[in-house]
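Below is one structure, written out as structure tokens; comments come after it.
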Amino acid sequence: MGTVVDQAKKSEVNGKSLAEKNVTVVFVLGGPGSGKGTQCTNIVETFGFTHLSAGDLLRAEIKSGSENGTMIQNMIKEGKIVPSEVTIKLLQKAMLEDANNKFLIDGFPRNEENRAAFELVTGISPAFVLFFDCPEAEMERRLLGRNQGREDDNIDTIRKRFKVFLESSLPVIEYYDSLGKVRKINAAKPVDEVFEDVKSVFTTI
Ligand code: UDP
Ligand code: MG
């Protein structure tokens with residue numbers, strides 16, 4: 001087995017490894033601007049999950065002045081996918097440090113390599129995948145209107161993110177769909193209407 005995998009499997013916080021913690025993970029996927037973050041906030045309030053946004057963890061890593069910061073910043077600006085090793089380490093650490101054992105992982109895995117590496121390194125397969133399906137024009141409108149000061153919410157980067165989503169992230173959703181694990185939500189509606197549909201998914205776990 002490769003050293004990266006060995007090392008990651010051994011990674012511990014306070015003497016505990018992720019394998020010893022019995023965690024439930026739901027992957028929350030969908031294109032940029034499909035409403036993943038907004039709906040995760042609602043799910044946390046109603047169903048007691050901890051929300052882990054891979055993008056937020058990466059942005060915090062840039063801010064912390066980590067040695068990977070500049071590389072991560074450049075990839076995000078280009079809409080590219082950060083190497084699995086970096087993102088998985090951040091997710092593992094966040095899951096270990098939190099007392100909860102129910103996690104929403106938002107915006108990850110973004111490609112097949114992310115997915116396979118996560119499953120191999122953590123030994124975790126998701127309970128299911130919540131997929132927010134939204135037309136590109138609507139996602140573009142939301143991203144351009146949200147003004148969160150994000151360096152990647154400009155039209156050039158948005159186009160690149162859409163392309164990466166179609167080419168790299170949709171295959172992940174198709175993979176889990178082939179296992180019967182995808183719960184698809186029509187995300188083109190107002191927030192509270194979308195949440196009604198989300199609620200019915202979580203109440204039938
Ligand atoms: N990103 C990444 N790996 C991840 C999650 C995010 O490389 O697992 C990077 C990628 O460059 C992406 C950006 O972070 O375009 C923003 O991701 P986020 O999920 O915050 O935003 P979204 O595009 O889903 O609105
Ligand atoms: Mg987000």
Side-chain angles (χ1 to χ4, degrees), residues 8 25-44 49-64 66 68-95 103-119 121-122 124 126 129-173 175-176 185 187-188 191 194 198:
V25 163
V26 172
F27 288 145
V28 181
L29 300 176
S34 59
K36 303 183 292 291
T38 304
Q39 294 298 334
C40 281
T41 303
N42 289 338
I43 299 164
V44 165
F49 278 73
T50 292
H51 175 205
L52 299 178
S53 157
D56 287 351
L57 290 171
L58 291 168
R59 284 182 285 272
E61 190 68 1
I62 299 171
K63 277 211 187 117
S64 78
S66 113
N68 283 324
T70 311
M71 177 273 290
I72 298 172
Q73 189 168 24
N74 289 332
M75 310 234 26
I76 290 182
K77 230 185 276 174
E78 286 301 312
K80 292 185 179 151
I81 299 167
V82 172
S84 293
E85 198 194 325
V86 172
T87 317
I88 291 172
K89 257 190 206 145
L90 293 172
L91 289 167
Q92 272 185 308
K93 186 163 179 283
M95 285 191 280
F103 296 96
L104 299 170
I105 297 190
D106 154 11
F108 178 94
R110 282 180 123 81
N111 60 16
E112 274 291 289
E113 201 264 328
N114 272 178
R115 178 196 67 71
F118 180 87
E119 293 205 1
V121 165
T122 65
I124 298 170
V129 174
L130 194 62
F131 168 40
F132 291 111
D133 190 24
C134 194
E136 227 173 74
E138 173 61 15
M139 296 196 285
E140 185 179 299
R141 194 183 66 75
R142 293 176 186 176
L143 293 171
L144 292 173
R146 74 182 178 182
N147 280 324
Q148 291 175 342
R150 272 175 55 168
E151 271 190 305
D152 57 349
D153 281 349
N154 60 78
I155 193 64
D156 284 352
T157 311
I158 288 169
R159 295 260 152 85
K160 290 178 183 161
R161 286 156 69 198
F162 284 156
K163 192 166 185 288
V164 169
F165 176 71
L166 289 179
E167 288 174 0
S168 303
S169 310
L170 267 185
V172 174
I173 295 161
Y175 168 81
Y176 284 120
I185 303 282
V191 174
V194 174
V198 169

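Here the structure is a predicted model, which means the values were calculated and not measured. Ligands are counted one by one from 1 in listed order, and the atoms in each one are counted from 1 as well.
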Measure the distance from [atom] to every protein heavy atom, then report the residue, atom name and distance (to 0.1 Å) of the closest one.
{"atom": "atom 25 (O) of ligand 1", "result": "Arg161 NH2, 3.2 Å"}
{"atom": "atom 6 (C) of ligand 1", "result": "Arg110 NH1, 3.4 Å"}
{"atom": "atom 14 (O) of ligand 1", "result": "Ile76 CG1, 3.5 Å"}
{"atom": "atom 24 (O) of ligand 1", "result": "Lys36 NZ, 2.6 Å"}
{"atom": "atom 7 (O) of ligand 1", "result": "Val82 N, 2.7 Å"}
{"atom": "atom 16 (C) of ligand 1", "result": "Arg150 NH2, 3.4 Å"}

Give the atoms of ligand 1, by number and element, whose distance to some non-hydrogen atom of Ile81 is under 4.0 Å.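 Those atoms are 7 (O).
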Which atoms of ligand 1 are found less than 4.0 Å from any heavy atom of Ala54? 4 (C), 5 (C), 8 (O)
Heavy atom of Ser53, distance to ligand 1 below 4.0 Å: no
Strictly under 6.0 Å, is that where the ring centroids of Phe118 and Phe108 end up? yes
Is the shortest distance from a Lys or Arg side-chain nitrogen in Lys77 or Asp152 to a carboxylate oxygen in the other one below 4.0 Å? no
Taking 4.0 Å as the limit for heavy-atom contacts, which would you say applies to [X] with ligand 1: side chain only, backbone only, both, or neither?
{"X": "Leu58", "result": "side chain"}
{"X": "Thr87", "result": "side chain"}
{"X": "Asp152", "result": "side chain"}
{"X": "Lys80", "result": "backbone"}

Sorted by chain and residue number, the side-chain contact (heavy atoms from CB on, under 4.5 Å) partners of Ala60 (sequence neighbours excluded) come out as none
